[in-house]
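Input: a single structure, listed below in C-alpha cells.
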Protein chains: 2
Amino acid sequence: MSLSGHSPPGELESEPADARPPRRGRPPKAEGGSAGDTAILDAAEALFAEHGFDGVTLRQVSKRAGVDTALVHYYFSSKRGLFDAVFLRRAAILNEERLRALDAYERAQGARMTVRGLMEAFLRPVLEPSTHTGPGWRSYFALVAQVNNTPVWGGETMTRYFDPVIHRLIDLLRRVLPEAPEAELYWAYHMVSGALTLTMGQTGRLDLLSGGLCASSDLSTAADRMVAFATAGFEALRPGTSTSA
Amino acid sequence: MSLSGHSPPGELESEPADARPPRRGRPPKAEGGSAGDTAILDAAEALFAEHGFDGVTLRQVSKRAGVDTALVHYYFSSKRGLFDAVFLRRAAILNEERLRALDAYERAQGARMTVRGLMEAFLRPVLEPSTHTGPGWRSYFALVAQVNNTPVWGGETMTRYFDPVIHRLIDLLRRVLPEAPEAELYWAYHMVSGALTLTMGQTGRLDLLSGGLCASSDLSTAADRMVAFATAGFEALRPGTSTSA
DNA sequence: GTCTATAAGATGATAGAC
DNA sequence: GTCTATCATCTTATAGAC
C-alpha cells in the first residue's frame with residue numbers, strides 16, 4: 001500500500017470542534033506534513049465538503065477552526081496541502097477497515113465466497129451507521145463524492161488513495177466470477193463506485209425526487225439497497241444471465 | 001414541464017468557438033435572460049465542467065470567449081445567471097429527447113414493456129456516441145456529474161432541471177414492476193443516477209483503475225454496460241430474486 | 001506555536017463612453 | 001452591443017514580533 005503513515009483511529013473523532021482541546025503529544029511539524037492540528041482539519045473537512053476546493057477560503061477555515069490564517073500555512077504549507085491532509089486522514093482508516101473486512105471474509109469462506117458476501121464486506125464498513133456516524137464522516141463522504149466526479153485531478157486523487165483496496169476487491173471478485181471478462185469487472189465496479197459515492201454524498205436529491213419517501217440520511221436502508229444493487233450488477237456478468245443478453 | 005423556453009437544437013453546436021461568427025437574429029436580451037451569446041455559453045460550459053463553479057472566474061470565461069468581461073454581465077447579469085443558462089441549454093434538449101424516447105417506447109410496446117426496454121429508452125439518448133459526441137456535450141456531461149454530487153444546491157439543481165423526465169421513467173417502471181415497493185424504485189433509480197453521471201463525467205478514473213484496459217471515453221461500451229447494470233438492478237426488485245433476499 | 005501586519009494580486013460587479 | 005476604466009473587496013501567502 002502506497003499510503004504513508006496515518007494517525008491512530010481512536011483519537012480522531014473530536015467532532016464538536018468548538019472549543020479546541022489542549023492538544024498534547026509530539027509537535028505535528030516533525031511528521032512530514034501529514035499530521036497537523038485537528039481543529040483545522042475538522043473545519044476544512046466540513047467546508048471543503050460543502051463548497052468544494054475552490055469554494056473555500058483559508059480565512060473561512062481558520063475562522064471556523066478558531067485559529068489564525070497564518071497557522072494554516074504553518075501546519076499545511078498551502079491550501080492544497082491542507083486538502084490532501086483532509087483527504088488522507090479518513091482514507092487511511094477506511095482502507096484499513098475494508099481491507100480487514102475483505103481479508104476476514106476470504107479467510108472465513110475460502111472457495112465458498114459469493115458476490116453478495118464480497119459486496120457486504122466491501123460496502124458495510126463504509127455505510128454501516130454505527131461505525132461512521134457523526135458530522136465528520138458525513139462531511140468526508142460528501143467530499144469523496146465530489147472528488148470522484150471531478151475530471152482529471154479527481155480521478156487521479158481517487159486512484160492515489162483508494163486503488164489498493166479496490167484491486168483487492170476485484171481480485172476476489174475474479175475468483176467468484178471466473179467467467180466474467182476482465183474489462184466487464186472493471187466497468188461493473190465503476191457503476192458501483194458511482195452509485196456508492198452519490199449515496200455517500202447525501203446530497204438531498206433522493207429526498208426531493210421521492211417527495212420525502214426516501215431519505216438520503218437513512219444509511220441503514222442505503223446500505224441494504226446498495227448491497228442488493230451492486231450484487232445484482234455483478235451477478236449479471238455471469239454468462240447466460242438474461243440481463244446480459 | 002417547468003422548464004422555460006429553450007433554443008432550437010439545430011443551431012447549438014458551434015464547437016470550434018475560436019473565431020466568433022457574426023451572430024444574426026433577434027437580440028438575446030429580449031428573451032427573459034435564458035438565451036445569450038453562444039460563444040460565452042460555450043466557453044463557460046467548458047470551464048465550469050473542468051473546474052467547477054467556484055473554480056472559474058468571469059475573466060477566464062470572457063477571455064476564452066473572446067469578449068470583454070462586462071459583456072458577460074450584460075447578457076447574464078451575474079456569474080450564477082451564466083451558470084444557470086449553461087445548465088439549462090442542453091438540459092432542455094436532453095429532456096425532450098428522453099421524453100420522446102420513452103413515449104415512443106410506451107406507444108410501441110404497451111403492456112409488453114420490459115425493464116431493459118425502458119433502460120434503453122432512458123439511457124441511449126444520453127450515451128449513444130452518434131448523438132451527443134463533441135466537446136460541448138462532453139463538457140456538459142462532466143458538469144452534470146459534478147452538480148449531481150454537490151450537496152444541497154446540487155441536488156436542488158438536478159431536481160429543478162431533470163425531475164419531470166425521471167418521474168415519467170419511474171411511472172413506467174412501476175407498471176413493469178408492480179410488485180416492487182415504491183421506495184425501492186426510487187432507491188434503485190438513485191443508484192442508476194450515480195452510475196450514469198459518473199460514467200458521463202469521464203473523469204479518467206476507470207482508465208487508471210483498469211490500467212488502460214477500459215476507456216472512459218468509450219461511450220459505446222459504456223452504454224452497453226450501463227444498460228446491463230441498470231437492468232439487473234431494477235430486475236432485482238422483483239420479489240423472490242436471489243439478490244434481494 | 002501563535003499572532004499582527006502586510007504584500008501582491010485577483011475577484012465580481014458597475015458606471016459610462018462610444 | 002461592446003468596450004475602457006474602476007470600485008471595493010477578497011485572495012493566498014509571507015515576514016517577523018512575541
Side-chain angles (χ1 to χ4, degrees), chain A residues 7 14 17-44 47-48 50-86 153, chain B residues 7 14 17-44 47-48 50-86 153:
Chain A
S7 38
S14 67
D18 272 336
R20 192 161 46 92
R23 207 180 48 75
R24 302 211 297 162
R26 65 193 182 300
K29 195 65 176 183
E31 203 179 287
S34 88
D37 194 335
T38 307
I40 296 175
L41 285 173
D42 290 343
L47 288 167
F48 282 142
E50 196 170 344
H51 303 110
F53 181 78
D54 292 296
V56 173
T57 72
L58 294 182
R59 278 176 159 76
Q60 292 174 291
V61 172
S62 53
K63 184 178 178 184
R64 181 172 181 137
V67 299
D68 192 90
T69 311
L71 204 59
V72 178
H73 283 95
Y74 172 76
Y75 277 121
F76 304 101
S77 300
S78 68
K79 188 181 179 181
R80 182 62 207 226
L82 172 60
F83 183 89
D84 287 340
V86 166
W153 77 264
Chain B
S7 38
S14 67
D18 272 335
R20 193 160 46 92
R23 207 180 47 76
R24 302 212 296 162
R26 67 190 180 305
K29 195 66 177 182
E31 204 178 284
S34 88
D37 192 337
T38 307
I40 297 175
L41 285 173
D42 290 343
L47 288 166
F48 282 142
E50 197 170 342
H51 302 110
F53 181 78
D54 292 296
V56 173
T57 71
L58 293 181
R59 282 176 162 78
Q60 292 174 292
V61 172
S62 53
K63 184 178 179 185
R64 182 173 181 136
V67 301
D68 191 90
T69 311
L71 204 59
V72 178
H73 283 96
Y74 172 76
Y75 276 120
F76 304 101
S77 301
S78 68
K79 189 180 179 182
R80 182 62 207 225
L82 172 60
F83 183 89
D84 287 339
V86 166
W153 77 264

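Note that the coordinates shown come from a computational prediction; the quantities given were computed from them, not determined experimentally.
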Shortest non-hydrogen contact between His51(A) and Asp54(B), atoms and distance: O-OD2, 3.8 Å

Protein-nucleotide distance (Asp37(A), atom CG; dC3(C), atom C1'), rounded to Å: 14 Å

Length of the CG-C1' vector between Asp68(A) and dT14(D), whole Å: 12 Å

Ile40(A) CD1 to dG1(C) C1', straight-line distance once rounded to whole Å: 11 Å

Whole-Å gap separating P (dT2(D)) and CG (Leu71(B)): 5 Å

Separation of atom CZ in Phe53(B) from atom P in dT11(C), rounded to whole Å: 13 Å

Over all atoms of both residues, closest heavy-atom pair of Val72(A) and Ser62(A): CG2-CB, 4.1 Å

Proximity to the side chain of Ala70(B) - top-ranked nucleotide from dG12(C), dT14(D), dA15(C): dA15(C)

Considering all heavy atoms, the nearest Val56(B)-Val61(B) contact: CG1-CG2, 3.6 Å

Nucleotide of dT11(C), dA13(C), dT2(C) approaching Ser78(B) most closely (side-chain heavy atoms): dA13(C)

Phosphate OP1/OP2 of dA10(C) contacted by Thr57(B) side-chain N/O (<4.0 Å): no

Closest to the Leu58(A) side chain, choosing from dT11(C), dT4(C), dA13(D): dA13(D)

Distance test, side-chain N/O of Tyr75(A) to OP1/OP2 of dT2(C), below 4.0 Å: yes

Check: Thr57(A) main-chain N/O paired with Gln60(A) side-chain donor or acceptor under 3.5 Å: yes

For atom OH of Tyr74(B) and atom P of dA15(C), their distance in whole Å: 15 Å

Minimum-distance nucleotide (side-chain atoms of His73(B) versus dT2(C), dA13(C), dA13(D)): dA13(C)

Between P of dT14(C) and NZ of Lys79(B), the distance in whole Å: 15 Å

From dG12(C), dT14(D), dT2(D), nucleotide with atom closest to Arg59(B) side chain: dG12(C)

Mutual orientation of the aromatic rings belonging to Phe53(B) and Phe48(B) [parallel < 30°, tilted 30-60°, perpendicular > 60°]: parallel

Interatomic distance, Lys63(B) NZ vs dA10(C) P [rounded to whole Å]: 11 Å

